[in-house]
Amino acid sequence: MKLADLEKSMVINMKKFDEAYEFLKGMYSDGYFPDFLVDKIKTELGKVVAFLETGVTDVEQIQEKFDAMTIAINDLQEEFEENDSEIETAARDCIATDVIEILNWFEIDIDVEDALGERDW
C-alpha cells in the first residue's frame with residue numbers, strides 16, 4: 001500500500017464527535033454547580049474526544065486516557081467544595097451519561113464503570 005493510500009484510509013477512519021452534543025447539560029442547568037468548574041470537567045471530556053478523533057482504536061490507550069480524565073476530575077473535588085458544591089449524584093450521573101455517549105459514538109467496547117474506574121466521587 002502506498003503512503004498516500006494509507007493516509008487516505010486513516011482519514012476515512014477518523015470520526016469527529018457530534019458538534020451539536022451538549023456536554024454536562026444537567027450540571028450547567030443546575031446553579032449548585034459553578035459553571036467555571038463545570039467548564040473544567042468539560043475540558044477533560046474534550047481531551048478524551050480529541051484523542052479519540054485521531055482514530056486511535058487501542059483499548060488500552062483509550063482506557064489510559066479515560067483514567068487520566070477521571071483523575072483530573074477527582075482533583076477538582078476540593079475546588080468544588082471551596083465553592084459550596086460537590087461532585088455528587090447528579091454530577092456523577094451527568095458525567096457518566098456523557099462518557100456513555102462518547103463510548104457509543106466512537107463504538108468503543110469499554111463499560112462506563114471501567115472507563116470511570118479511577119473515580120473517587
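These figures come from a predicted structure and were not determined experimentally.
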Say whether Ile100 and Ile73 are linked into one hydrophobic cluster, either directly or through other cluster members, by side-chain heavy-atom distances under 4.5 angstrom.
-> yes
Leu37-Ile71 co-clustered via ILVMFWY side chain contacts under 4.5 Å | no
What pair of heavy atoms forms the shortest contact from Ala96 to Val112, and how long is it?
-> O-CG2, 3.9 Å
Heavy-atom closest contact (Leu103 atom, Ala115 atom, distance) = CD1-CB, 4.2 Å
Side-chain donor or acceptor of [X] paired with backbone N/O of [Y] under 3.5 Å:
X	Y	result
Thr70	Phe66	yes
Gln63	Asp114	yes
Asn74	Glu118	yes
Glu88	Ala91	yes

Below 4.5 Å, heavy atoms only, C-beta onward: do [X] and [Y] meet side chain to side chain?
X	Y	result
Glu107	Lys15	yes
Asp58	Ile62	no
Leu45	Val99	yes

Heavy-atom neighbours of Asp120 CG exceed 12 at 6.0 Å | yes
Working to the nearest 0.5 angstrom, can you tell me the gap between [X] [atom1] and [Y] [atom2]?
X	Y	atom1	atom2	result
Leu76	Glu44	CG	CD	7.0 Å
Glu78	Asn83	CD	CG	11.0 Å
Trp121	Arg92	CH2	CZ	8.5 Å
Glu64	Met69	CD	CE	14.0 Å
Thr57	Ile108	OG1	CD1	9.5 Å
Met27	Ser85	CE	OG	6.5 Å

Decide side-chain contact (heavy atoms from CB on, under 4.5 Å) for Val59 and Asp109; before the verdict, give the C-alpha distance in whole Å, the side-chain angles of both, and the deciding distance to 0.1 Å.
-> CA-CA 8 Å; Val59 175; Asp109 190 23; 5.8 Å; no
With sequence neighbours excluded, residues passing salt bridge (charged side-chain N to carboxylate O under 4.0 Å, His left out) with Glu79 | Lys40
In a check of salt bridge (Lys or Arg N to Asp or Glu O under 4.0 Å) between Glu53 and each of Lys47, Lys65, Lys16, which one passes?
-> Lys16
Going through the checks in order, is the salt bridge (charged side-chain N to carboxylate O under 4.0 Å, His left out) test met by Glu113 and Arg119?
-> CA-CA 9 Å; Glu113 292 299 323; Arg119 78 170 182 262; 3.2 Å; yes
Quick one: do Asp18 and Trp105 satisfy side chain to side chain donor-acceptor pair (under 3.5 Å)? Show the steps, please.
-> CA-CA 8 Å; Asp18 181 4; Trp105 182 268; over 6 Å; no
Could you give all pairs that pass the ring-ring contact (aromatic ring centres under 6.0 Å, His included) test and reach residues 20-65, with sequence neighbours left out?
-> Phe17-Tyr21, Phe17-Phe23, Tyr21-Phe23
Option from Val56, Val49, Thr54 for which side chain to side chain contact (heavy atoms under 4.5 Å, CB included) with Leu52 holds | Val56
